[in-house]
Asker: 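Encoded as structure tokens, here's the structure I'll be asking about.
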Amino acid sequence: MDLQNTVKEALNALYHHPDDAVRMQADRYLQDFQRTLDAWQVADNLLHDPSSNLETLIFCSQTLRSKVQRDFEELPSTAFRPLRDSLNTLLKKFHKGPPKVRTQISIAVAALAVHVPAEDWGDGGIVKWLRDEMDSHPEYIPGFLELLTVLPEEVLNYKIAARPERRRQFEKELTSQMEIALNILTACLSISELKEQVLEAFASWLRLKHGIPGSVLSSHPLVLTALSSLNSELLSEASVNVISELIHYTTAGNIDGVSANMPLIQVIVPQVMNLKVQLGDSTKDEEDVKAIARLFADMGDSYVELIATGSDESMLIVHALLEVASHPEYDIASMTFNFWHSLQLNLTKRESYISYGNEACIEAERNRRLQVFRPAYESLVSLVIFRVQYPEDYQDLSYEDLKEFKQTKYAVADVLTDASSVLGGDATLKILYMKLLEAVSGHGNNEHKEWCPAEAALFCIRAISNYVSVVEAEVMPQIMALLPKLPHQPQLLQTVCLTIGAYSKWLDSASCGLSVLPSVLDILMNGMGTSEECAAAAALAFRHICDDCRKKLCGCLEGLFHIYNKTVNGEDSFKVPAEDSLHLVEALSMVVTELPPDDAKRALEALCIPVITPLQEAINQGPESLSKRPSRQLTVHIDRFAYIFRFVNHPQVVADAIQRLWPIFKAIFDIRAWDMRTMESLCRACKYAVRTSGRFMGLTIGAMLEEIQSLYRQHHQPCFLYLSSEVIKIFGSDPSCADYLKNLIEALFQHTTRLLTNIQEFTARPDIADDCFLLASRCIRYCPQLFIPSSVFPSLVDCSMIGITVQHREASNSILHFLADIFDLANSSVGEQFIPIRDSVIIPRGASITRILVASLTGALPKSRVDVVSYTLLALTRSYGMQALEWAKKSVLLIPSTAVTDVERSRFLKALSDAASRGDTNGLTVPVEELSDVCRRNRAVQEIVQEALRPLELNMVNVS
């Protein structure tokens with residue numbers, strides 16, 4: 001009683017106390033209380049107590065539901081019957097509500113049925129038990145109906161801590177009793193006020209997707225009731241849900257499932273088709289229209305393979321879906337978008353026509369179908385254009401509304417690419433060009449109308465750019481001629497710039513491309529001076545043009561450098577944001593790549609001048625001034641170097657440049673080594689210099705490695721490790737670099753293993769752990785001769801064992817990949833010679849590594865990491881065979897039988913053994929996931945498993 005009163009007081013404080021701190025304290029107390037064993041009895045007592053208020057009833061019903069779902073194993077086996085009887089009494093007590101409480105009690109009973117097999121439940125299982133209860137107590141039918149509704153939904157409720165085997169068994173139990181459930185529902189149809197509830201329960205049972213043949217359902221009273229409700233004045237939401245589920249039910253499985261369910265399909269489709277007239281009925285409630293549209297969309301999605309044959313009947317559905325697509329409300333029209341995509345795939349993919357035999361027949365049938373659906377897709381293109389038009393009040397739109405408008409535009413772009421796949425890009429372009437001409441000629445004096453339709457048409461033209469032929473000569477020249485004549489309204493100009501960029505390949509290939517380029521570049525210059533958004537679009541387009549038309553532009557360097565210098569120097573007339581200016585750096589770099597070496601050297605110097613100058617000025621002001629500058633003042637310039645080194649593909653020229661620039665880089669390294677952002681930017685620039693220059697960089701590479709080796713000891717910047725891994729990739733196999741690379745990796749790894757001595761350090765420094773083990777994996781691949789025989793190899797393996805269970809995803813993945821690379825050493829011809837050294841390190845630690853990996857699978861790491869962990873365990877097992885299986889067996893045997901049964905253990909070990917011997921990981925997936933699920937099924941089990949495996953203890957006595 002004391003505890004019950006305390007819970008009531010805490011609830012009162014939670015909902016009514018004015019002090020936030022008191023409310024938070026009450027919330028924490030109640031959460032902790034829900035995890036206790038006493039919560040069962042207290043929640044049950046308060047639910048039966050007539051004096052409990054609504055807040056108490058809701059909390060206690062949620063608590064009881066949660067306890068049944070997650071903590072049923074806490075109870076002794078004898079507790080099942082009293083618990084079932086108590087829940088049944090509560091279900092009767094709350095049969096008229098409150099609805100929230102009744103729902104929670106219903107879910108609790110359903111969860112109980114998931115835990116308890118039918119033979120232990122008694123009375124032939126829960127469905128028969130429920131039938132008997134409803135027969136004995138007809139006055140409580142509303143409460144029992146809700147239980148009947150939630151019952152099939154619990155099959156896929158993974159909050160219930162049931163074993164996978166039991167979950168499958170429960171689904172079979174329900175499927176076998178589906179006929180009884182539908183008989184109960186049919187009997188309840190006689191109570192008119194319960195019709196909606198009965199149909200909702202029927203829809204829920206249909207989600208099981210099997211159990212009763214379509215031929216039986218086609219004349220079933222429940223189906224006929226739902227279909228007749230479609231024609232009533234007030235459209236029943238429950239009826240729509242039933243018909244929707246029936247449509248999905250008929251296609252469960254494969255196309256054979258469709259033919260087997262044809263009697264049911266032939267009943268459903270005509271009834272839904274009768275609703276078509278209501279789509280355009282302006283007097284119809286919007287929610288009703290949405291429900292009807294949903295049924296047409298469901299038919300389209302489910303029967304797409306039948307529709308794709310192009311029969312007269314299927315075209316009736318297509319025309320109905322076009323009518324849905326034309327609805328002014330986007331939420332309704334967009335319901336069809338998935339259908340148009342699926343139909344396009346079906347019409348264009350060769351696999352759809354395999355049954356037609358030889359190539360000639362396949363091609364003939366494919367062409368026939370494409371012709372049949374041409375008019376539909378042509379209509380679709382015309383129907384969706386207006387969706388992307390800016391609304392008149394676009395300047396007043398909130399951030400969320402603008403975001404939604406952008407998503408609408410992307411969705412329409414996807415529809416247009418589907419249409420282009422069916423019609424061909426050039427044919428789609430013609431339709432869109434006519435819309436553009438209409439928009440340009442029909443604006444009158446309304447400024448909004450002057451640019452909005454044109455912008456919408458251009459957006460659509462841009463969306464299909466990848467589908468338009470690069471030699472298209474009829475429409476594209478006219479579009480390019482039209483662009484300079486359009487008003488310079490910012491949104492329109494932004495789309496014009498993006499459209500130019502999208503057709504850069506056409507500009508390069510088209511016979512008139514060279515003559516068009518000057519006017520196009522003028523438009524981009526205007527864009528760069530109009531607004532930040534326009535300037536960003538123009539910079540992106542400039543990059544595309546310089547990429548695809550680089551050979552044509554080699555003779556225009558002076559003009560290109562004029563644009564580049566104005567942008568990089570940040571002249572007022574240009575509004576290109578610093579981040580977007582990188583597009584211009586990349587653009588010029590790609591043109592420079594096309595030049596002969598001597599010209600490229602001069603051009604590269606010209607590229608670097610506006611970037612070097614501000615950095616040199618900053619250095620000249622002295623170390624104190626340089627150390628106080630905001631990072632952004634340096635990184636904005638250093639990032640440009642990264643782009644130059646990345647995209648100027650002249651190895652010798654870039655190597656000479658980095659040699660000249662090294663004093664500037666060294667000064668920044670020395671003075672700003674404490675600053676992570678500046679170091680990351682500088683290391684990125686060095687990385688691209690190394691990647692592009694390769695072995696030409698010999699003179700500078702030694703100085704660079706010496707610098708980062710020295711600075712890493714003082715400042716522990718993860719990017720020093722990342723830069724080193726790039727160097728290893730390029731120079732790892734070069735014998736002339738062996739000495740200084742060996743010194744580098746030994747120094748870096750020795751220092752890192754001294755930093756990462758426990759899991760807390762891994763948690764505090766995840767970036768160092770990530771980059772350290774990425775570097776180690778690179779060493780295994782590119783210079784095993786330097787790394788594996790070294791003294792740091794065993795230390796790094798020990799370090800990895802400490803950090804496997806770090807919660808940071810990238811760090812954990814890098815460690816696991818490093819271990820897998822060690823185990824897979826025999827896969828490379830270079831690595832084979834080091835297997836004896838590897839074995840001398842791994843075998844003494846093998847049992848502990850295996851135990852930590854099993855602990856990671858069973859709860860020490862998040863569920864999302866299971867794939868990576870299981871691959872690492874598989875790699876270990878492949879390398880060490882029976883020895884590794886013995887380690888795995890000993891590890892799994894540590895888990896108490898209360899958590900994992902012998903059958904579950906054996907299934908996991910057998911799957912591991914099979915996968916190791918056959919090399920096929922597919923068979924391992926399900927047993928690993930099931931072991932993982934079983935060990936995580938609730939907090940108590942997870943704690944028991946981790947306490948048994950103790951992954952943070954490297955040398956547990958139990959496993960040896």
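The basis for the numbers below is simple: all heavy atoms, side chains too, and nothing from hydrogens, waters or symmetry mates.
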Asker: Using every non-hydrogen atom in the two residues, find where Ile728 and Cys783 come nearest and quote the distance to one decimal.
Answerer: CG2-SG, 3.8 Å
Asker: Is any side-chain heavy atom of Trp662 less than 4.5 Å from a side-chain heavy atom of Met704?
Answerer: yes
Asker: Could you measure the distance from the CG atom of Asp821 to the CD1 atom of Ile780? Nearest 0.5 Å is fine.
Answerer: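 If I round to the nearest 0.5 Å, the distance is 5.0 Å.
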Asker: Using a 4.5 Å cut-off on heavy atoms from C-beta on, say whether the side chain of Leu825 contacts that of Glu832.
Answerer: no
Asker: Please name the pair of heavy atoms, one in Arg167 and one in Tyr158, separated by the smallest distance, quoted to 0.1 Å.
Answerer: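 Minimum heavy-atom contact is NE-CE2, 3.5 Å.
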Asker: Evaluate the ring-ring contact (aromatic ring centres under 6.0 Å, His included) criterion for residues Phe787 and Phe834: first the C-alpha distance (whole Å), next the side-chain angles of each, then the deciding distance (0.1 Å), finally the verdict.
Answerer: CA-CA 10 Å; Phe787 175 52; Phe834 303 109; over 10 Å; no
Asker: Side chains of Arg907 and Glu930: does their closest heavy-atom pair fall under 4.5 Å?
Answerer: yes
Asker: Please name the pair of heavy atoms, one in Val653 and one in Pro597, separated by the smallest distance, quoted to 0.1 Å.
Answerer: CG2-O, 3.9 Å
Asker: Nearest heavy-atom pair of Ile759 and Ile802: which atoms, and what distance?
Answerer: CD1-O, 3.4 Å
Asker: Salt bridge check: are Arg851 and Glu953 linked by an N-O gap of less than 4.0 Å?
Answerer: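 Result for this pair is no, no salt bridge flagged.
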Asker: Checking Arg905 side chain against Val900 main chain: does a donor-acceptor pair fall under 3.5 Å?
Answerer: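 Yes.
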Asker: Kindly indicate whether the side chain of Glu594, heavy atoms from C-beta on, has any atom under 4.5 Å from the side chain of Val591.
Answerer: no
Asker: Is the ring centre of His544 less than 6.0 Å from the ring centre of His583?
Answerer: no
Asker: Let me see the working for Phe645 and Tyr688 under ring-ring contact (aromatic ring centres under 6.0 Å, His included), right down to the final yes or no.
Answerer: CA-CA 6 Å; Phe645 298 151; Tyr688 286 121; 9.1 Å; no
Asker: What are the two closest non-hydrogen atoms of Ile837 and Ile788, and how far apart are they?
Answerer: CG2-O, 3.6 Å
Asker: Does a donor on one side chain and an acceptor on the other come within less than 3.5 Å for Asp656 and Gln652?
Answerer: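 Distance-only check passes for Asp656 and Gln652.
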Asker: Do Tyr782 and Leu741 have side chains that approach each other closer than 4.5 Å (heavy atoms only, starting at C-beta)?
Answerer: no
Asker: Check for a donor-acceptor pair, side chain of Thr635 on one end and backbone N or O of Ile638 on the other, with a separation under 3.5 Å.
Answerer: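 Such a contact is absent between Thr635 side chain and Ile638 backbone.
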Asker: Using 30° and 60° as the class boundaries, would you call the ring planes of Phe818 and Phe773 parallel, tilted or perpendicular?
Answerer: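 Answer is tilted, since the angle falls between 30° and 60°.
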Asker: Is there a donor-acceptor pair under 3.5 Å between the side chain of Gln717 and the backbone N or O of Ala673?
Answerer: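 It does hold such a pair.
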Asker: Verify the neighbour count for atom CD of Glu706: are there more than 12 heavy atoms of other residues, nucleotides or ligands below 6.0 Å?
Answerer: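 Not buried by this count: 12 neighbours or fewer within 6.0 Å.
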Asker: Please report the C-alpha distance between Glu886 and Lys890 in whole Å, then the side-chain angles of each, then the deciding distance to 0.1 Å, and finally whether the salt bridge (charged side-chain N to carboxylate O under 4.0 Å, His left out) criterion is met.
Answerer: CA-CA 6 Å; Glu886 193 56 34; Lys890 286 183 177 179; 5.0 Å; no
Asker: Is the ring pair Tyr712/Phe720 parallel, tilted or perpendicular, if the boundaries are 30 and 60 degrees?
Answerer: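 Plane angle over 60°, so perpendicular.
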Asker: Hey, is Arg166 close enough to Glu171 for a salt bridge, meaning N to O under 4.0 Å?
Answerer: no
Asker: If you count every heavy atom of other residues, nucleotides or ligands that lies below 6.0 Å from Arg660 atom CZ, does the total exceed 12?
Answerer: yes
Asker: Please check this pair: side chain of Ser913 against backbone of Leu909, looking for a donor-acceptor N/O pair closer than 3.5 Å.
Answerer: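 Not at all, since once roles are kept as given, no pair shorter than 3.5 Å links the two residues.
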Asker: Does NZ belonging to Lys863 count more than 12 external heavy atoms closer than 6.0 Å?
Answerer: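 Yes, enclosed.
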Asker: Of the options Lys687, Arg691, Arg684, which is the one that meets Glu726 in a side-chain hydrogen bond (donor to acceptor under 3.5 Å, both in side chains)?
Answerer: Arg691
Asker: Hey, what do you get for CD (Gln946) to CZ (Arg936), rounding to the nearest 0.5 Å?
Answerer: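 So the CD of Gln946 and the CZ of Arg936 are separated by 8.0 Å.
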